[in-house]
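Here the structure is a predicted model, which is why all the values come from computation and not from measurement.
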Amino acid sequence: MSVTTDICAPLPVLGRDVQVPLVSGDKVTYAALDYAASSPALQRVWDDVAAYAPYYGSVHRGAGYLSQLSTDLFEQSRRTVADFLDLREGDQVVFTRATTDSLNLLAGVVPAGTRVLAFETEHHASLLPWRREGVTVSYLRAPRSHAEAVAALDAALAEHPHGPRLFCVTGASNVTGELWPVAELTEVAHRHGARVVLDAAQLAPHHRVSVRELDVDWIAFSGHKLYAPFGAGVLAGRGDWLDAAEPYLAGGGASRTVAREVDGSVAVEWQQGPARHEAGSPNVIGAYAIASACRALSEAGFDALQAREQQLVGRLKAGLAQIPEVKVLSLFGTDAARVGVLSFVVEGWNSSHFAAALSAEYGIGVRDGLFCAHPLVRTLLGGEAESGQVSACGAPEPSLPGERSLNAIRVSFGAGTPDEHLERFLAAVRELVADGARWTYRSEGGRCVADTRRA
């Protein structure tokens, strides 16, 4: 598709005109800057789902027209995702609940005796599923450059040359937004006979991803980060380990035949292919929503989307660089390529307090905490939590204004973000740093919230 279209026009998303209350009693248009957690739905996705909804029926379960239509839609969605990812001949697309579900599925099918390697910088969804019987996990130290990452993986695989091995790597960090050298790491892994699974949760919404070009063995991503918030995700790639293992979920759809044996037991013949790991009634709306988002992003053109996003990234970095009290977090240096995700801390501020003030006083939604990547954030901030228990948002309790906590603030955006939202964000950061919060705040249920009285 031609990329001569206006790169400054954001894609239409739901919620772009939502008004939210401020602690002052006023209302303001919400600035959604937490795309890395869950992106808003593309209007296109919502319209496609609404058009299909009256025809909703069971998938692979009925002879009626709506069931047949829904089955065709579900399988066509699978083909759309395969095209979006540029899969190889013979690769499978399994619909799951999200990236976490996809990686847990893969962890359940790796052969006994597999060694899994992952950098400590991974999201918990990539870091934790492998901790199970029959699997050995090697966690690699956080690298400070692409070259260091490639060398570390090379050395680790050379140290463990035997047996099945799997390397799990993110495409773009959910904390810093920095891009990882996936192709180079994959080349090293394959040279040592290891396989690679790519966590593309933060990459797929921002960049064209070609499994064929990257040569990874599997890829996982979530619909809710790809502008399709209907509870579905994807695991795609090689089928041999998937077909050789017991189903992830046992039940209808995963079984080809079930029969009683003479001794009273039950004999089961499992399906081959994606159905083997899609037991139960499939989430056809979730799958269709992902396919709709894939089509919308492809038709908009990733070159144009990336060009606009990089303009916003540049303006954000330049604006924060003008505020001496702000420290942007980075593994690979200030000039490292990144998607629209950036985390920072502010000197003299508790991060939860700062994020609460952005919301309560300016109507700006960001995230604070450790972002389900505790080892990485603690490495970037240079320490461990000083005291107290870590709450759900990742901040030691109590996280009162002015109290140091080992957490950060994350701003993230994407194809639906208006320029004005980032300008409002930068203006709010400058004002809070210069003048402080206008209201008092307290810790409540692990969150920093505004009091009704002024500061």
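- Interatomic distance, Leu226 CG to Ser39 OG, rounded to the nearest 0.5 Å: 7.0 Å.
- With Thr99 contributing its side chain and Ser222 its backbone, the two residues share a donor-acceptor pair below 3.5 Å.
- Remark: Arg410 engages Asp34 in a salt bridge (charged side-chain N to carboxylate O under 4.0 Å, His left out) (not counting sequence neighbours).
- The closest donor-acceptor contact from the side chain of Asn283 to the backbone of Arg97 lies at 3.5 Å or more, if one exists at all.
- With hydrogens and angles disregarded, no donor-acceptor distance shorter than 3.5 Å links the side chain of Ser292 to the backbone of Tyr288.
- Taking OH of Tyr248 as the reference point, atom CG of Leu235 lies at 10.5 Å (rounded to 0.5 Å).
- Applying the side-chain hydrogen bond (donor to acceptor under 3.5 Å, both in side chains) definition to pairs two or more places apart or across chains, those involving residues 142-158 are Asp154-His192.
- Counting only heavy atoms from C-beta outward, the side chains of Ser173 and Leu376 approach each other to under 4.5 Å.
- When atom types are taken as modelled, the side chain of Lys225 and the backbone of Ala36 share a donor-acceptor pair closer than 3.5 angstrom.
- A distance-only check finds no donor-acceptor pair linking the side chain of Arg212 to the backbone of Leu85 [under 3.5 Å].
- Rounding to the nearest 0.5 Å places CG of Leu33 at 9.0 Å from CG of Leu358.
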- Quick one: do Thr80 and Arg295 satisfy side-chain contact (heavy atoms from CB on, under 4.5 Å)? Show the steps, please. CA-CA 8 Å; Thr80 298; Arg295 286 191 298 270; 3.7 Å; yes
- Message: Between Asp368 and His353, is the side chain to side chain donor-acceptor pair (under 3.5 Å) condition met? List the steps.
- Response: CA-CA 9 Å; Asp368 65 281; His353 182 203; over 6 Å; no
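- Within the 4.5 Å cutoff, the side chain of Leu127 has heavy atoms near those of the Tyr139 side chain.
- Counting only distance, with no hydrogens or angles, the side chain of His207 and the backbone of Val209 share no donor-acceptor pair below 3.5 Å.
- Of all the heavy atoms in Ser70 and Tyr56, the pair that sits closest is OG-C, 3.7 Å.
- Relative to the ring axis of Phe74, Arg79 does not place its NZ or CZ within 45° and under 6.0 Å from the centre.
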- Query: Do Trp130 and Thr114 pass the side-chain contact (heavy atoms from CB on, under 4.5 Å) test, and can you show the C-alpha distance, the side-chain angles, and the key distance before you say yes or no?
  - Reply: CA-CA 10 Å; Trp130 324 106; Thr114 295; over 6 Å; no
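- Side-chain atoms of Thr417 do not come within 3.5 Å of backbone N or O of Phe413 as any donor-acceptor pair.
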- Pair His206-Glu309, side chain to side chain donor-acceptor pair (under 3.5 Å): steps then yes or no: CA-CA 8 Å; His206 303 275; Glu309 182 176 294; 2.5 Å; yes
- Message: Determine whether His190 and Asp215 satisfy the following criterion, side chain to side chain donor-acceptor pair (under 3.5 Å), listing intermediate values before the conclusion.
- Response: CA-CA 9 Å; His190 285 173; Asp215 200 28; 3.2 Å; yes
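- At least one side-chain heavy atom of Leu432 sits less than 4.5 Å from a side-chain heavy atom of Phe354.
- No side-chain heavy atom of Val284 sits less than 4.5 Å from a side-chain heavy atom of Ser77.
- For the pair Arg78 and Glu75, the salt-bridge criterion is met [side-chain N within less than 4.0 Å of a carboxylate O].
- Considering only heavy atoms from C-beta on, Leu166 stays 4.5 Å or farther from Val135 through its side chain.
- Remark: Leu316 CG to Phe425 CZ distance equals 6.0 Å, nearest 0.5 Å.
- Here the shortest heavy-atom pairing between Pro274 and Val94 reads CA-CG2, 4.0 Å.
- Contact annotation: the side chain of Phe119 never approaches that of Cys168 to less than 4.5 Å [non-hydrogen atoms, C-beta and beyond].
- The shortest side-chain heavy-atom distance between Ser138 and Arg115 falls under the 4.5 Å cut-off.
- To the nearest 0.5 Å, atoms CZ (Arg438) and CG (Leu22) are separated by 8.0 Å.
- In this structure, Arg195 is positioned above the aromatic face of Trp241, its NZ or CZ under 6.0 Å from the six-membered ring centre and within 45° of the axis.
- Using modelled atom types, one finds no donor on one side chain facing an acceptor on the other under 3.5 Å when comparing Thr170 with Gln202.
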- Item | Audit row: Val59, Leu73, side-chain contact (heavy atoms from CB on, under 4.5 Å) steps and yes/no | CA-CA 9 Å; Val59 175; Leu73 194 75; over 6 Å; no
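- A donor-acceptor pair is defined here as one N or O able to donate and one able to accept, closer than 3.5 Å; such a pair exists between the side chain of His124 and the backbone of His374.
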- Message: Run the side-chain contact (heavy atoms from CB on, under 4.5 Å) test on Leu87 and Val93 for me, step by step, so that the C-alpha distance in whole Å, both residues' side-chain angles and the decisive distance to 0.1 Å come before the verdict.
- Response: CA-CA 9 Å; Leu87 295 185; Val93 173; 3.4 Å; yes
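- Within the 3.5 Å criterion, the main-chain N or O of Gly348 finds no donor-acceptor partner in the side chain of Glu325.
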- Query: Going through the checks in order, is the side chain to side chain donor-acceptor pair (under 3.5 Å) test met by Ser352 and Asn407?
  - Reply: CA-CA 8 Å; Ser352 294; Asn407 62 339; 3.2 Å; yes
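- Using a distance-only test at 3.5 Å, with no hydrogens or angles considered, a donor-acceptor pair links the side chain of Arg338 to the main chain of Thr176.
- For the atom pair Ser102 OG and His277 NE2, the distance stands at 12.0 Å (nearest 0.5 Å).
- Residues Val341 and Val175 come closest through the heavy atom pair CG1-O, 3.9 Å.
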- Query: Can Arg44 and Asp47 be said to form a salt bridge (Lys or Arg N to Asp or Glu O under 4.0 Å), step by step?
  - Reply: CA-CA 5 Å; Arg44 159 76 174 275; Asp47 292 344; over 6 Å; no
